[in-house]
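Each remark here refers to the structure printed beneath this line.
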There are 2 protein chains.
Amino acid sequence: MDINDLSKDLAPIISNTMADVVEVKLREYLKKKSFKPGDALPKELELAEALGVSRNVLREALSRLRMLGMIESKKKRGMVLARPDILGAFERVLDPLIIDKNTLQDIFELRLVLEMGLAELLYINKTNKDIAELESIAKKEVNNDNSFRIKNEIAFHGKLYEMSGNDTLKRFQIMLLPIFDYVVTLEKKPTRGLVDHLGLVEILKNGTVEDFKKGMQAHLQPHFDRLK
Amino acid sequence: MDINDLSKDLAPIISNTMADVVEVKLREYLKKKSFKPGDALPKELELAEALGVSRNVLREALSRLRMLGMIESKKKRGMVLARPDILGAFERVLDPLIIDKNTLQDIFELRLVLEMGLAELLYINKTNKDIAELESIAKKEVNNDNSFRIKNEIAFHGKLYEMSGNDTLKRFQIMLLPIFDYVVTLEKKPTRGLVDHLGLVEILKNGTVEDFKKGMQAHLQPHFDRLK
DNA sequence: TTTAGTCTTTATGTAGTACATATCAAATGT
DNA sequence: ACATTTGATATGTACTACATAAAGACTAAA
């Protein structure tokens, strides 16, 4: 058993700081008291005293919750519980350069999975106006330089997510773009599936959900091939 | 024009605190200097002085990055850049009770999309051992009380994600469970698709990817019906 | 009575000091 | 050469002081 196996079994002891503990306690507190957005929280000094920590430590924990959008605070009004932006936190750590290779690959696959599964939502929500826009994007991309082609590629797939009518999904996709981009550029050879964008538009116009799934599968095939 | 229109046009002024600014600046700094995991950061006092803020403010910002796992710090060694847990941040704000209805719905749909798109990965990575385990899960669920049925439902779909061979995806799914659960229980009537779990297992054994996609679609159909 | 303006109070935001604690590194002793 | 002690140092925690903004009360003018 080499050192690597060992370090997997024996996770390093992470000395929890007070701020870590307080953060958890606060979250538990909010949950237990079933606070709703808009509800006022006790004052900093009260919380600090109740928890038996300095206002300093408490504020470090509060700062974390504030970053996540869980609480908002104004000068005299005090603090109130807010609706966190669930993707905001995610966004902050999504830098291809500091994510390890395995996770990058996982996220790449995640996006492929999303694209493949999008069909149902798409067929539920698509409108003729959407399809027209999508078509105009697809038509622009023929015979252009590479950097423009990539922009257009993003625009096309982005439009697809937008057509799903799911804002969270759309934002999620935008956040994942840098990762996707990074992984794709890692593997030099420009991949081209058997079905291109115009083909997909055509299916959206006249084909069934099943047709579209097959089309998308063919479109992404080169990526899947690489996974095997 | 009533008050509501007004509040849409005029977003409330959010007074950025120093900690907010410093957080951004630190993130930019790490990016610009292209720090890699393991690299040491300057001392707190140096950073505070360079940024022109008190150590207090700086530590609030650092506390945020520490929460996200971007940095780690030990007593005398100083701080080092670390690999953030990309899902850790997400996990912290994923509470069905504080997420607004629209976003809940979005996430519910997101999970449906994932399940639908899973087929390709599944067929790339599935093993006979996996399928056997999946089958044993599916077989357990006949003739049991409701709470057990739900646990088994989770186990089955969880196993599917596990079979994708994508750890991030698997973790992501586990995190999304409470949301999915919450939305499903909101809509009382127990949904039953035309294809049950044993049916899906059967397809995995002998059917094609296409068959499985159709099967999963039929399995989830009740959920999709509700979206329309 | 209503409106405008001022003052007081108060909770958060920021700064600074002091000390505790853990740990590295050098000095010391065996 | 090895074990022990000691000092230096960076983070962790506590406390104090003041700045700032905003709510609420109070006052004066229309």
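Because the structure is a prediction, the values reported are computed rather than measured. Numbers restart at 1 for each chain; the letters A, B, ... are given by sequence-line order, proteins then strands.
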Listed nucleotide nearest any side-chain atom of A/Ser73, set D/dT11, D/dG12, C/dT12 = C/dT12

Round to a whole Å and report the spacing from NZ of A/Lys75 to P of C/dG13.
-> 7 Å

Got a sec, which residues hit salt bridge (charged side-chain N to carboxylate O under 4.0 Å, His left out) with A/Glu91, two or more places apart in sequence or on another chain?
-> A/Arg171

Side chain of A/Arg66 only, please: which of D/dC15, C/dA22, C/dG13 is the nearest?
-> C/dG13

In whole angstroms, how far is the C1' atom of C/dT23 from the CE atom of B/Met79?
-> 16 Å

Between A/Leu58 (CG) and D/dG12 (C1'), how many Å, whole number?
-> 15 Å

Considering only heavy atoms and no angle criterion, is a donor-acceptor pair shorter than 3.5 Å present between the side chain of B/Asn56 and the base of C/dG13?
-> no

Rounding to a whole Å, what distance do you find between A/Leu62:CG and C/dG13:P?
-> 9 Å

Does B/Tyr29 have B/Lys31 sitting over its ring (NZ/CZ under 6.0 Å from centre, angle to axis within 45°)?
-> no

Basic-acidic side-chain contact under 4.0 Å: A/Glu28, A/Lys25 = no

Distance, rounded to the nearest Å, where B/Asn16 contributes CG and D/dT20 contributes P = 18 Å

Establish, with yes or no, whether the OP1 or OP2 oxygen of D/dG12 is under 4.0 angstrom from a side-chain nitrogen or oxygen of B/Arg59.
-> yes

Atom CD of B/Glu60 to atom P of C/dG13: distance rounded to whole Å?
-> 8 Å

By nearest-nucleotide position on DNA chain D, the 5'-leaning member of A/Lys76 and A/Ala19 is A/Ala19

B/Lys74 has an atom NZ; how far is it from atom C1' of D/dT11, in whole Å?
-> 13 Å

What distance do A/Arg92 atom CZ and B/Leu68 atom CG have between them, rounded to the nearest 0.5 Å?
-> 7.5 Å

Are A/Ser54 and D/dA14 close enough that a side-chain N or O sits under 4.0 Å from OP1 or OP2?
-> yes

Minimum-distance nucleotide (side-chain atoms of B/Arg55 versus C/dA22, D/dG12, C/dG13) = D/dG12

Taking the six-membered ring for Trp and the single ring otherwise, decide whether the centroids of A/Tyr161 and A/Phe172 are under 6.0 Å apart.
-> no

Taken to the nearest whole Å, CD1/A/Ile71 to P/C/dA11 is 16 Å

What about the rings of A/His223 and A/Phe108, do their centers lie closer together than 6.0 Å?
-> yes

Does anything in residues 36-49 of chain B reach DNA chain D, meaning a heavy atom under 4.0 Å, and if so which residues?
-> B/Lys43, B/Glu44

Positive for side-chain contact (heavy atoms from CB on, under 4.5 Å) with A/Leu58, one of A/Glu49, A/Glu44, A/Glu46 = A/Glu44

